[in-house]
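Since the structure comes first, as structure tokens, the remarks are kept for the end.
Lettering of chains follows the sequences in order, A, B, ..., and the numbering in each one begins at 1. Predicted, not measured: the structure shown is a model, and the values here were computed from it.
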2 protein chains.
Amino acid sequence: MATIYEVAKMAGVSPATVSRVFNGIGVSEAKTQAVRDAARQLRFSPNRTARSLRRQESEVIALVIPDIENPYFTELARGVEDVAQKAGYSVVLCNSDAQVEKEARYLQIAIAEHMAGVILAAAADHTNLDDILATGRPVVAVDRGTGYDIDGVVMANRSAGRAATENLVDAGYRRIAFIAGPELIETAQERAQGWRAVMASRVPDAPVDELLRYSSFQVDGGRGAMEELLALAEPPDAVVAGNNLIGVGAIQVLTEHGLTPPRLGVAVIGSLPFTTLSPSAVTIVRLPARHMGVTAATLLLERIGGDGQPSRTVVLRNEVQPATAVRSA
Amino acid sequence: MATIYEVAKMAGVSPATVSRVFNGIGVSEAKTQAVRDAARQLRFSPNRTARSLRRQESEVIALVIPDIENPYFTELARGVEDVAQKAGYSVVLCNSDAQVEKEARYLQIAIAEHMAGVILAAAADHTNLDDILATGRPVVAVDRGTGYDIDGVVMANRSAGRAATENLVDAGYRRIAFIAGPELIETAQERAQGWRAVMASRVPDAPVDELLRYSSFQVDGGRGAMEELLALAEPPDAVVAGNNLIGVGAIQVLTEHGLTPPRLGVAVIGSLPFTTLSPSAVTIVRLPARHMGVTAATLLLERIGGDGQPSRTVVLRNEVQPATAVRSA
DNA sequence: GTGAAAGCGCTAACAG
DNA sequence: CTGTTAGCGCTTTCAC
């Protein structure tokens with residue numbers, strides 16, 4: 001690749017002028033044109049590595065998520081990428097696989113590569129951000145908090161849990177189970193709290209402890225928990241899935257048992273983008289994942305731009321899409 | 001962050017020695033230890049930007065895919081990441097959105113960032129790789145060819161199309177439609193060819209031109225094409241979906257029309273990871289996407305390591321998982 | 001085995 | 001507005 005020096009020589013200017021042209025700093029019309037022409041001829045494109053070294057900052061942001069195969073997070077990634085790309089930033093997608101160690105490694109890389117900032121959906125509740133924060137690089141938390149005083153974008157989880165449950169109660173279900181994600185993940189807890197609150201007020205005699213299951217935020221987690229619930233002496237007549245993949249797993253098991261919704265009521269927190277089920281059979285509490293990504297990226301870019309105001313947390317409201325099919329039982 | 005100079009001073013050696021320790025080049029036991037101790041105390045981690053500038057190569061590989069929201073590609077990404085990560089490389093996931101211009105921009109970034117190599121699932125058949133190849137950086141094609149003489153990993157597409165179709169013929173279906181992806185995408189064509197071959201030999205009187213539909217590799221594409229097919233004077237009695245998302249869309253439409261498989265036979269090329277449908281109702285021709293990612297990353301790392309042998313193309317066989325449910329009609 | 005020194009390509013003072 | 005110059009932090013000859 002051509003360097004700034006070759007362009008300078010060809011255009012009859014100094015390297016600094018070439019740099020200025022490419023950074024939008026005042027240069028006379030004539031020289032600007034000469035530089036652009038030379039650059040085009042030499043197919044010059046600035047060496048970002050050199051620029052990053054000099055500036056101590058690269059035009060790359062890291063997006064660290066716990067599960068790249070979960071459509072919720074890829075939708076989030078889309079939102080982040082769209083915004084970043086428009087601002088001239090690339091996104092490094094890092095899959096922490098819900099492991100704190102993998103996550104820590106990516107955070108180290110973000111430091112070593114002088115990345116401009118990080119958007120993080122934390123793998124667990126004890127992620128250590130001391131190092132990255134010490135570098136002054138901005139970090140924005142998404143989906144889950146981090147315990148640090150940084151910007152964040154989260155879903156209205158309690159409210160989502162409430163909405164899903166209320167919907168089921170309104171439809172006439174009573175023994176409503178809840179399959180939560182991992183016990184130590186904040187979002188799982190909050191959604192379960194929403195469910196618990198509605199149960200306490202609307203179905204006070206329901207055995208909530210028996211009806212609450214913790215699992216993983218994976219299809220298999222949903223499957224396992226659903227099997228357990230069905231094996232109960234008195235199985236539930238409805239279930240709230242704590243996230244999209246749990247919903248898929250639970251519905252799979254129900255289908256296998258001949259209990260397709262709405263025979264057994266199902267509400268899912270999160271979208272089922274690739275479901276082949278009739279959408280009217282299941283209540284969906286849509287979580288605006290893409291919007292979360294857009295918001296997080298916007299906040300991050302503001303911080304990268306030097307915004308120093310106190311940290312903000314944006315809570316995104318969700319949208320309920322009720323099941324319209326009625327129980328045939 | 002601490003630099004190599006500070007570590008050197010603390011350890012009482014030269015910066016060069018510190019560098020050598022971190023690059024596994026012969027340094028005496030004693031000094032190695034001193035350097036490691038100092039590095040630990042200073043929480044030193046090598047500045048990758050500086051290293052990349054000096055070496056003219058970074059430990060980053062780009063993975064360019066047309067749709068980050070398609071589970072097929074995220075599965076692929078997982079495979080790539082697992083291998084890359086183990087070899088100390090980070091992966092930048094680039095979503096070209098099936099647009100050649102976006103793809104070109106990412107390829108330019110790969111050059112400007114001195115990335116070590118690129119794994120590319122081309123957005124279209126006229127991707128231009130001249131620039132990136134001119135830099136000497138290795139590029140491995142996945143899923144689709146590129147028209148360049150480079151390493152590649154592809155699925156056995158024709159065979160997948162054949163297998164899917166044969167399975168449906170064996171199950172007694174006759175008017176078997178095929179919903180392909182975009183007409184100018186190689187994989188779409190090849191899979192359709194497999195279908196066409198089986199139809200020609202087993203159902204020679206079927207009106208194949210009427211039964212073949214091109215669409216997009218998206219849920220909506222599958223929906224639209226399926227609607228069209230059902231609106232035919234003589235609708236098909238079965239359908240092969242050219243990829244996973246088309247399959248989802250087609251099945252959604254069928255469900256809405258009360259034609260849940262196997263009432264109308266369905267075979268899908270690709271997996272339905274988040275389906276809530278009983279797996280026995282649909283024939284799945286599994287495409288080993290993760291394996292494709294692993295293979296591609298392995299090939300790429302070999303090239304990065306300096307392997308100069310003639311270019312290779314690996315064809316991955318697929319695996320058929322037949323529907324076991326029988327038509328009730 | 002080890003150190004000194006040059007330089008990767010760019011940007012940011014600093015002069016002019 | 002423009003050129004000169006000094007590094008950013010690392011690797012890599014080249015001597016010793």
Side-chain angles (χ1 to χ4, degrees), chain A residues 1-36 38-39 42-60 88 108-109 111-116 135-137 306, chain B residues 1-36 38-39 42-60 88 108-116 135-137:
Chain A
M1 287 299 287
T3 75
I4 216 173
Y5 288 94
E6 306 171 50
V7 176
K9 187 182 289 176
M10 185 169 209
V13 299
S14 76
T17 298
V18 178
S19 170
R20 289 184 185 111
V21 169
F22 278 88
N23 289 287
I25 299 172
V27 170
S28 74
E29 186 62 35
K31 303 213 168 182
T32 301
Q33 209 35 256
V35 168
R36 291 214 179 285
L42 295 167
R43 324 187 94 248
F44 167 81
S45 113
N47 181 323
R48 289 191 178 220
T49 306
R51 169 183 292 189
S52 300
L53 177 59
R54 178 60 228 232
R55 287 228 201 125
Q56 303 282 48
E57 171 163 321
S58 74
E59 273 111 341
V60 175
Q108 283 304 328
I109 291 177
I111 296 173
E113 298 260 14
H114 286 308
M115 293 187 192
T135 67
R137 300 258 175 285
Chain B
M1 286 301 287
T3 76
I4 217 173
Y5 288 95
E6 305 171 50
V7 175
K9 187 183 289 178
M10 186 170 208
V13 300
S14 77
T17 298
V18 178
S19 170
R20 290 187 183 111
V21 168
F22 279 87
N23 288 287
I25 300 173
V27 170
S28 74
E29 187 61 36
K31 303 213 168 182
T32 301
Q33 208 36 255
V35 168
R36 293 214 177 285
L42 295 167
R43 323 186 94 247
F44 166 81
S45 114
N47 181 324
R48 289 192 177 219
T49 306
R51 168 184 294 189
S52 301
L53 177 58
R54 179 59 228 236
R55 287 230 199 122
Q56 303 282 50
E57 171 164 321
S58 74
E59 273 111 339
V60 175
Q108 282 304 328
I109 291 178
I111 296 173
E113 298 260 15
H114 285 308
M115 293 188 192
T135 67
R137 298 260 175 285

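In terms of heavy atoms, B:F22 sits closest to B:P46 at CD2-CG, 4.1 Å. Of all heavy-atom pairs between A:I4 and A:V18, the closest is CG1-CG1, 3.4 Å. Taking every heavy atom of both residues into account, B:V27 and B:K31 meet most closely at CG1-CB, 3.8 Å.
An OP1 or OP2 oxygen of C:dG1 is reached within less than 4.0 angstrom by no side-chain nitrogen or oxygen of B:S28. Taking side-chain N and O atoms only, A:S52 has no distance below 4.0 Å to OP1 or OP2 of D:dC8. An OP1 or OP2 oxygen of D:dT11 is reached within less than 4.0 angstrom by a side-chain nitrogen or oxygen of B:N23.
Among D:dC8, D:dT11, C:dT11, the nucleotide with an atom closest to any side-chain atom of B:R55 is D:dT11. Closest to the side chain of B:Q56, out of D:dT4, C:dC8, D:dT11, is C:dC8. Picking from C:dC10, D:dG3, D:dC10 the nucleotide with the shortest atom distance to the side chain of A:S14 gives D:dG3. Side-chain proximity of A:Y5 to C:dC8, C:dT2, D:dA6: nearest is D:dA6. Of the candidates D:dG3, D:dC10, D:dA6, the closest approach to any side-chain atom of A:R54 belongs to D:dA6. Comparing D:dG9, C:dA13, C:dA4 against the side chain of B:R20 picks out C:dA4 as the nearest. Ranking C:dA4, D:dT2, C:dG9 by closeness to the A:K31 side chain, first place goes to D:dT2.
Of the two residues contacting DNA chain C, namely B:G26 and B:A50, the nearest-nucleotide position lying further toward the 5' end is that of B:G26.
With contacts defined as side-chain heavy-atom distances shorter than 4.5 Å, the pair A:H114/B:N47 qualifies. No side-chain heavy atom of A:I111 sits less than 4.5 Å from a side-chain heavy atom of A:R137.
Note on A:F44: only backbone sugar-phosphate atoms sit closer than 4.0 angstrom, heavy atoms only; bases stay farther off. Across all strands, B:V18 comes closer than 4.0 Å to no nucleic acid atom at all (heavy-atom distances). Base engagement by A:S19 is indicated by at least one non-hydrogen atom pair under 4.0 Å involving a base atom. Nucleic acid contact class of B:R48 (heavy atoms, under 4.0 Å, all strands): none.
Atom CG in B:L42 sits about 14 Å away from atom P in D:dG9, given to the nearest Å. Across the protein-nucleic acid pair, A:K9 atom NZ and D:dT2 atom P stand 20 Å apart, rounded to whole Å. Computed from coordinates, the A:F22 CZ to D:dT2 C1' distance equals 17 Å when rounded to whole Å. What separates CD1 of B:I4 from C1' of C:dG3 is a distance of 13 Å, to the nearest Å. Atom pair B:L53:CG and C:dC8:C1' shows a separation of 4 Å (rounding to whole Å applied). B:I25 has its CD1 atom 14 Å from the C1' atom of C:dG3, to the nearest Å. For A:E113 and D:dG9, the CD to C1' distance is 14 Å, given to the nearest whole Å. What separates CD of B:E29 from P of C:dG1 is a distance of 12 Å, to the nearest Å.
To the nearest 0.5 Å, atom OG of residue A:S52 and atom CD of residue B:E113 are 5.5 Å apart.
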